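So that the names make sense, note that chain A is the first sequence line, chain B the second, and so on, each numbered from 1. No experiment lies behind these values; they were computed from the predicted model shown.
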Amino acid sequence: MKQTDSTTENLLRTLPEPLLGWYRENARDLPWRHTEDPYRIWVSEIMLQQTRVAAVLGYYARFLAVFPTVEALAETDEELLMKLWEGLGYYSRARNLQKAAREITALGGFPDTYDGLLALPGIGDYTASAIAAAAFGRREPAVDGNVLRVMTRLTDCHDDISDPKTKRAVRAALAEVMPEEPADIRIFNQAMMELGATVCGPNTAPRCDDCPVSGLCLGRQRGTAETLPVKKTKKERRVEEKTVLLLKRDGKIALRKRPKTGLLAGLWEFPNVEGTLDETAAGAAVEAMGLSVIDWQSRLTAKHIFTHVEWHMTGYALTVRGDGPAELEWVDAAGLAARSVPSAFARYYEEAKRELEMK
DNA sequence: TAAGCGTGGCA
DNA sequence: TTGCCAAGCTT
């Protein structure tokens with residue numbers, strides 16, 4: 001993507017009109033497209049980072065029902081905030097959302113410029129541009145994975161899209177041709193992403209017959225579209241073995257809070273130890289916590305795959321006596337439901353819920 | 001610059 | 001089943 005390439009620039013000049021026409025006829029009806037409220041647009045943009053629309057819809061409705069304003073979000077407690085994000089992933093997004101809400105409240109209102117938005121925690125180049133354009137009508141191109149895919153195919157660009165230089169070049173090229181009318185500016189980024197999400201998608205052949213700009217597309221013309229974009233391969237995941245303990249005592253189950261930093265920071269988990277322990281070793285680990293084992297119920301294995309690490313878990317459900325370490329929180333069914341336990345523990349969460357409901 | 005940070009859907 | 005990877009940001 002060379003900004004100085006006049007062929008590319010001429011090609012892109014003819015992009016906005018058919019794109020916007022197509023968008024006005026074919027856009028999906030999504031809740032954040034019915035508002036110009038920066039708060040609602042912001043929340044949607046954060047939730048949508050690296051996350052599919054279908055996964056976001058339910059969370060978005062619940063989140064706004066509980067936090068209808070930036071002030072409500074600024075004032076909430078962490079436990080409720082994380083509960084509303086439970087299962088959505090990338091939990092630092094939720095914490096940054098609240099930090100930013102407090103900054104916005106202190107400022108007396110939303111920043112309405114790219115630079116002002118970029119200064120808020122959790123808002124990077126893409127999100128600052130997306131909000132500036134959709135909420136404030138500013139001419140800021142938002143370049144996400146969809147836009148990079150559409151643009152590299154359109155211009156037959158084989159640069160590595162994981163290189164920030166490529167993103168900067170795409171942004172600069174779009175800045176040259178972005179429309180001027182406020183009504184068009186507000187939907188231009190959405191239209192680019194909509195094309196990437198519904199017509200010119202990843203992991204699949206582009207549906208060029210349905211594309212409003214297939215006539216301009218160099219990737220289609222040259223037959224390279226399906227091989228684009230070019231992306232550097234990522235490194236392998238490591239595997240971690242864990243033994244998860246479902247400790248039951250007096251109709252309650254033990255939870256503990258994860259460390260404030262790192263993976264699943266600050267979320268709740270079932271106590272666990274490194275390595276795959278057999279019953280004898282697991283029993284010894286429980287005794288070492290100052291608890292006495294009364295009874296064994298079940299052994300449950302599970303696997304959870306994160307982006308950069310894979311957990312292989314062996315779990316034991318057992319009845320115990322004693323207090324154990326102070327970090328353990330003994331909860332009933334309501335206590336479990338009120339806490340945010342990540343999906344990585346889903347199999348154990350279900351088992352714990354079942355046992356608490358049986359009592 | 002590279003690595004850490006979740007989850008679930010789909011080919 | 002396995003691998004890819006989605007409306008990215010932070011450090």
Legend entry - Atom-to-atom span, NZ of A:K235 to C1' of B:dT1 - whole angstrom: 13 Å
Inset, instruction - Using atom CG of A:L48 as one end and atom C1' of B:dG8 as the other, report the distance to the nearest whole Å. - result: 15 Å
Legend entry - Separation of the P atoms in B:dG6 and C:dT11, to the nearest angstrom: 14 Å
Legend entry - Length of the CZ-C1' vector between A:F345 and B:dG6, whole Å: 13 Å
Close N/O contacts between protein and nucleotides 9-11 of chain B (under 3.5 Å):
none

Legend entry - Nucleic acid contacts of residues 304-312 of chain A, taken as heavy-atom distances under 4.0 Å to DNA chain B: A:H304, A:I305, A:F306, A:T307, A:H308
Legend entry - Co-membership, hydrophobic cluster, residues A:M313 and A:F306, 4.5 Å side-chain: yes
Inset, instruction - For A:T51, report the nucleic acid contact type (base, sugar-phosphate, nothing); a contact means any heavy atom under 4.0 Å. - result: base
Legend entry - Contacting residues from residues 178-194 of chain A, given that a heavy atom lies under 4.0 angstrom of DNA chain B: none
Inset, instruction - Determine the contact category for A:V56: base if any of its heavy atoms lies under 4.0 Å from a base atom, sugar-phosphate if only primed atoms, P, OP1 or OP2 are that close, otherwise nothing. - result: nothing
Indicate every side-chain donor-acceptor pair of residues 255-266 of chain A with a distance under 3.5 Å to a residue at least two apart or in another chain.
residue: A:R256; atom: NE; partner: A:E269; partner atom: OE2; Å: 2.9
residue: A:R256; atom: NH2; partner: A:E269; partner atom: OE2; Å: 3.2
residue: A:R256; atom: NH2; partner: A:N272; partner atom: O; Å: 3.0
residue: A:K257; atom: NZ; partner: A:G266; partner atom: O; Å: 3.2
residue: A:R258; atom: NE; partner: A:L263; partner atom: O; Å: 3.1
residue: A:R258; atom: NE; partner: A:L264; partner atom: O; Å: 3.4
residue: A:R258; atom: NH1; partner: A:E269; partner atom: OE1; Å: 2.7
residue: A:R258; atom: NH2; partner: A:L263; partner atom: O; Å: 2.9

Inset, instruction - Please figure out whether A:L120 or A:A197 has its closest DNA chain C nucleotide nearer the 5' end. - result: A:A197
Legend entry - Electrostatic pair A:R249-A:D323, nearest N-O below 4.0 angstrom: yes
Legend entry - A:P164 vs A:T261, nearer the 5' end of DNA chain B by closest nucleotide: A:P164
Legend entry - Side-chain N or O of A:K231 closer than 4.0 Å to phosphate OP1/OP2 of C:dA6: yes
Legend entry - Within 45° cone of A:W330 ring axis and under 6.0 Å: A:K252 NZ or CZ: no
Inset, instruction - Ignoring backbone atoms, test whether A:Q50 places a side-chain nitrogen or oxygen under 4.0 Å from the OP1 or OP2 oxygen of C:dG8. - result: yes
Legend entry - Rounded distance (Å) that lies between atom C1' of B:dA3 and atom NZ of A:K232: 11 Å
Inset, instruction - Could you state the atom-to-atom distance from CG of A:D125 to C1' of C:dC9 in whole Å? - result: 11 Å
Legend entry - Salt bridge A:E240-A:R238, side-chain N to carboxylate O under 4.0 Å: yes
Legend entry - Salt bridge A:E279-A:R299, side-chain N to carboxylate O under 4.0 Å: no
Inset, instruction - May I have the distance from A:R149 (atom CZ) to C:dA6 (atom P), rounded to whole angstrom? - result: 6 Å
Inset, instruction - Is it possible for you to check whether A:R40 lies under 6.0 Å from the centre of the six-membered ring of A:F110, through NZ or CZ, and within 45° of that ring's axis? - result: no
Inset, instruction - Report the C-alpha distance between A:Y349 and A:W268 in whole Å, list the side-chain angles of each, state the deciding distance to 0.1 Å, and finish with yes or no for ring-ring contact (aromatic ring centres under 6.0 Å, His included). - result: CA-CA 11 Å; A:Y349 185 92; A:W268 292 90; over 10 Å; no
Legend entry - Selection: residues 24-39 of chain A, any non-hydrogen atom under 4.0 Å of DNA chain C: A:R28, A:L30, A:W32, A:R33
Inset, instruction - For A:Q297, check side chain to side chain donor-acceptor pair (under 3.5 Å) against everything at least two apart and list the hits. - result: A:K248, A:D295, A:T319
Legend entry - For atom CD of A:E240 and atom C1' of B:dG4, their distance in whole Å: 12 Å
Inset, instruction - Identify whether the distance between the nearest side-chain nitrogen and carboxylate oxygen of A:K165 and A:D163 falls below 4.0 Å. - result: yes
Legend entry - Counterpart residues, side chain to side chain donor-acceptor pair (under 3.5 Å), relative to A:T243 (two or more places apart): none
Legend entry - Single-linkage hydrophobic cluster A:L84~A:Y39, side-chain heavy atoms < 4.5 angstrom: yes
Inset, instruction - Sequence neighbours left out, what passes ring pair (Phe, Tyr, Trp, His ring centres under 6.0 Å) with A:Y60? Give chain and number order. - result: A:W32
Legend entry - Residues that A:R33 engages under side chain to side chain donor-acceptor pair (under 3.5 Å), provided they are two or more places apart: A:Y23, A:Q190, A:E194
Inset, instruction - Go through residues 70-97 of chain A and report each residue with a non-hydrogen atom lying under 4.0 Å from DNA chain B, sorted by number. - result: A:G87, A:L88, A:G89, A:Y90, A:Y91
Inset, instruction - For A:Q49 and for A:D163, find the nucleotide of DNA chain B with the closest heavy atom, then tell me which residue's nucleotide is more 5'. - result: A:D163
Legend entry - Qualifying residues under side chain to side chain donor-acceptor pair (under 3.5 Å), relative to A:W42, sequence neighbours excluded: none
Legend entry - Between C:dG8 (P) and A:I131 (CD1): distance, integer Å: 13 Å
Legend entry - Pairing of A:R138 and A:D112 as salt bridge, 4.0 angstrom limit: yes
Side chains of residues 97-108 of chain A: which donor-acceptor partners sit under 3.5 Å, not counting sequence neighbours?
residue: A:Q98; atom: NE2; partner: A:L73; partner atom: O; Å: 3.2
residue: A:Q98; atom: NE2; partner: A:T76; partner atom: O; Å: 2.8
residue: A:R102; atom: NE; partner: A:A74; partner atom: O; Å: 2.8
residue: A:R102; atom: NH2; partner: A:A74; partner atom: O; Å: 3.3
residue: A:T105; atom: OG1; partner: A:A101; partner atom: O; Å: 2.7

Inset, instruction - With the side chain of A:T127 defined as its heavy atoms from C-beta on, choose the nearest nucleotide among C:dC9, B:dG6, B:dT1. - result: C:dC9
